2 protein chains.
Amino acid sequence: MKHNNQRKLNTGISVDCVIFGFDLEELKVLLIQRKTAQKAPDSRFSLPGDLIYNDETLDEAAIRVLKELTGLENIYLEQLGAFSALDRLSKIEDKIWLESIREQPNERVITIAYFALVNLNSFHPSPANFATSASWRPIQNVTSLAFDHHEIFESAHQQLKAKLQTQPIGFNLLPDKFTLSQLHKLYEAIVGKELDKRNFRRKMIKLDIVKKLEEKQVGVPHKPSNFYEFNQKNYQKLLKEGFDNFGF
Amino acid sequence: MKHNNQRKLNTGISVDCVIFGFDLEELKVLLIQRKTAQKAPDSRFSLPGDLIYNDETLDEAAIRVLKELTGLENIYLEQLGAFSALDRLSKIEDKIWLESIREQPNERVITIAYFALVNLNSFHPSPANFATSASWRPIQNVTSLAFDHHEIFESAHQQLKAKLQTQPIGFNLLPDKFTLSQLHKLYEAIVGKELDKRNFRRKMIKLDIVKKLEEKQVGVPHKPSNFYEFNQKNYQKLLKEGFDNFGF
DNA sequence: GCAAAAGTGTTAACTGTACACCCATGA
DNA sequence: TCATGGGTGTACAGTTAACACTTTTGC
């Protein structure tokens with residue numbers, strides 16, 4: 001990779017990241033707020049993203065965006081796909097905003113979307129990160145977004161739901177030690193419906209992806225919950241194979 | 001969309017299509033052969049693809065490539081994702097070939113891959129199509145390909161396998177009328193292992209995505225097989241919901 | 001009548017689902 | 001002692017998986 005002062009931006013291709021987080025209560029997504037456009041209150045938010053450099057891969061660009069924004073590395077990150085809306089300047093605020101930050105605001109841009117899963121508890125925002133005024137929004141509150149970002153967000157959310165059915169990716173949203181209730185809550189938040197507590201626990205234990213620790217919650221005003229951690233070994237295996245599904 | 005003589009190619013973005021076909025015996029993929037490079041026998045093949053125009057979406061570009069090559073429209077087509085290999089000119093033959101067809105052969109290109117499923121029996125190649133010398137290759141024989149096309153092909157094949165587990169997409173590879181044995185053979189070809197005949201049939205029938213027709217094979221030297229067609233209604237439903245899997 | 005592929009049923013093991021009560025803790 | 005959420009078992013229904021023989025046709 002060349003040094004920064006030699007790097008050339010590719011003005012036709014960007015990456016955008018849909019970053020999901022879970023605060024043990026709600027599923028959230030990290031959005032940034034534009035500096036210039038003050039109108040249209042619900043269209044001010046957009047997904048964090050950037051044009052790519054010509055000497056970096058798409059994955060590298062996504063990792064860079066994530067690091068610049070959250071300071072985090074080694075995050076679960078997966079490409080969602082490419083989006084090519086032809087009408088991205090149909091909203092006047094988008095046009096104004098682009099003119100304020102891009103040299104060629106009218107150039108057609110293809111964006112490659114990524115979705116990322118981060119553990120909100122290991123996320124300690126430094127003020128510098130938030131100079132761009134990023135914030136976690138509950139996914140229910142995400143209505144309209146800039147450009148085609150709402151479409152991308154919806155696609156990411158759907159992918160997260162679908163993927164959870166066959167791969168144990170949800171653990172990326174939790175701290176290293178967690179309770180089964182937290183895991184349960186997370187799954188309910190993602191799939192958007194209630195799941196039977198006993199059956200859920202049974203299933204997780206039978207899949208052998210959680211390992212019971214000799215440690216319990218302290219200071220809670222109810223029976224303390226046992227902590228668990230992943231069974232990394234089995235987790236890797238399941239990541240490859242997926243869970244049993246259609247049955248071939 | 002503008003007329004052809006006004007259209008501007010985007011020299012930084014291409015689409016490549018992994019087109020699968022099934023001849024009722026084997027799973028095949030449509031590859032094109034380069035005109036110039038005669039050396040390195042097993043690296044001559046590449047995936048059909050093209051640079052995109054700036055006034056078309058990625059999906060439109062993929063549809064265009066497919067139509068130009070096969071003459072077919074209304075084909076099952078799905079985006080696989082974006083690929084951004086930085087070392088695409090590492091093979092000398094690739095470099096020579098690009099220099100012969102591109103104005104800016106050294107420009108960095110991001111490619112968006114698609115995978116397509118076509119019914120080989122409805123595919124009647126006209127000589128014009130084959131001016132580009134496309135040919136169906138059994139997937140086992142696909143070893144090395146130009147650029148990063150082998151990686152893309154592998155990814156498409158894996159996606160096809162994975163998707164078959166949860167969605168009845170295989171039907172796109174068969175003619176309107178087919179026998180359960182053909183369907184069975186197709187599934188075995190895609191997942192790459194034997195499937196129990198009785199269990200397979202039972203499952204397909206129970207899922208209610210096939211409808212028995214009052215028509216049998218004729219002229220076969222064994223008990224003639226019954227023809228079936230899809231149950232389009234149920235098919236659409238299953239496409240949306242996927243099959244039952246992790247169980248939430 | 002023979003070769004070739006079509007078509008068909010049963011059983012046992014496992015998996016999913018529905019459902020209600022007692023437990024440990026802090027206040 | 002009460003409020004809170006943690007933790008557990010059982011029975012029924014449905015699904016998967018393994019397995020072998022008879023049928024229909026052309027030659």
Side-chain angles (χ1 to χ4, degrees), chain A residues 23-26 164-166 168 174 177-189 191 193-229 234 238 241-248, chain B residues 23-26 164-166 168 174 177-189 191 193-229 234 238 241-248:
Chain A
D23 60 5
L24 304 184
E25 287 298 329
E26 255 186 323
L164 198 68
Q165 310 286 323
T166 52
L174 289 174
K177 291 175 189 176
F178 52 88
T179 70
L180 287 186
S181 298
Q182 290 166 348
L183 186 61
H184 183 211
K185 221 175 218 170
L186 170 63
Y187 269 68
E188 289 188 331
V191 304
K193 64 181 176 197
E194 280 197 9
L195 304 172
D196 183 88
K197 186 167 56 161
R198 280 169 290 190
N199 294 338
F200 179 82
R201 290 167 158 255
R202 204 195 335 268
K203 182 154 221 164
M204 287 299 156
I205 289 162
K206 189 176 53 67
L207 283 172
D208 195 27
I209 43 180
V210 289
K211 213 162 71 187
K212 194 171 184 172
L213 298 174
E214 292 307 317
E215 190 180 347
K216 288 169 190 266
Q217 285 181 316
V218 288
V220 288
H222 53 75
K223 181 172 177 179
S225 189
N226 219 303
F227 282 113
Y228 286 77
E229 64 177 11
N234 228 313
L238 283 174
E241 297 171 8
F243 301 152
D244 179 52
N245 30 35
F246 191 39
F248 293 122
Chain B
D23 60 5
L24 303 184
E25 288 296 330
E26 255 185 322
L164 198 69
Q165 310 284 322
T166 51
L174 289 173
K177 291 173 189 175
F178 53 88
T179 69
L180 287 186
S181 298
Q182 289 165 348
L183 186 61
H184 184 212
K185 221 175 221 169
L186 170 62
Y187 270 67
E188 289 189 329
V191 304
K193 64 181 175 195
E194 281 198 8
L195 305 171
D196 182 87
K197 185 167 59 161
R198 281 168 288 190
N199 294 337
F200 178 83
R201 290 167 159 255
R202 203 191 341 263
K203 181 155 222 166
M204 286 298 155
I205 290 162
K206 189 177 53 68
L207 282 172
D208 197 26
I209 43 180
V210 289
K211 214 161 71 186
K212 194 171 185 172
L213 298 175
E214 292 306 317
E215 191 181 346
K216 288 167 190 267
Q217 286 181 314
V218 287
V220 288
H222 53 76
K223 180 171 176 177
S225 189
N226 219 302
F227 282 112
Y228 287 76
E229 63 178 11
N234 227 312
L238 283 174
E241 299 171 5
F243 300 152
D244 178 53
N245 30 36
F246 192 39
F248 294 122

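None of the values given here were measured: they were computed from a predicted structure. Below, read A as the first sequence line, B as the second, and so on, with proteins coming before strands; counting in each chain starts at 1.
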Base contacts versus sugar-phosphate-only contacts with protein, heavy atoms under 4.0 Å: please encode nucleotides 19-27 of chain C as B, S and - from 5' to 3'. BB--BBBS-
Report yes or no: does A:Asn234 contribute a side-chain atom to a donor-acceptor pair with the main-chain N or O of A:Asp208 at less than 3.5 Å? yes
Would you call A:Lys193 and A:Glu188 a salt bridge, using N to O less than 4.0 angstrom? no
Rounded distance in Å - CZ (A:Phe200) to P (C:dT17): 14 Å
Ion pair check, B:Lys185 and B:Glu25, cut-off under 4.0 Å: yes
Tell me the interatomic distance from A:Lys212, atom NZ, to D:dG6, atom P, rounded to whole angstroms. 14 Å
Could you tell me how far apart B:Lys206 (NZ) and D:dG14 (C1') are, to the nearest whole angstrom? 9 Å
Return no unless some side-chain N or O of A:Ser225 is found under 4.0 Å from OP1 or OP2 of D:dG7. yes
Mind checking whether A:Tyr187 and A:Phe200 have ring centres under 6.0 Å apart? yes
So, is B:Lys203 near the phosphate of D:dT15, with a side-chain N or O under 4.0 Å from OP1 or OP2? no
Is the shortest side-chain N to carboxylate O distance from B:Glu229 to B:Lys211 below 4.0 Å? yes
Check whether B:Gln182 reaches the backbone of B:Leu24 with its side chain - one donor and one acceptor, N or O, closer than 3.5 Å. no
With sequence neighbours left out, what residues match B:Asp196 under side-chain contact (heavy atoms from CB on, under 4.5 Å)? B:Arg198, B:Asn199
Could you check how far CZ of B:Phe227 sits from P of C:dG7, rounded to whole Å? 10 Å
Tell me: CD of A:Gln182 to P of D:dG6, nearest whole Å? 9 Å
Would you mind reading off the distance between A:Arg201 atom CZ and D:dG9 atom C1', rounded to a whole angstrom? 14 Å
Separation of C:dC14 atom P from A:Leu207 atom CG, nearest Å, is 16 Å
Between C1' on C:dT17 and CG on A:Leu195, what's the gap in Å once rounded to a whole number? 12 Å
If the cut-off is 4.0 Å, is A:Ser181 near the phosphate of D:dG5, judged by side-chain N/O to OP1 or OP2? no
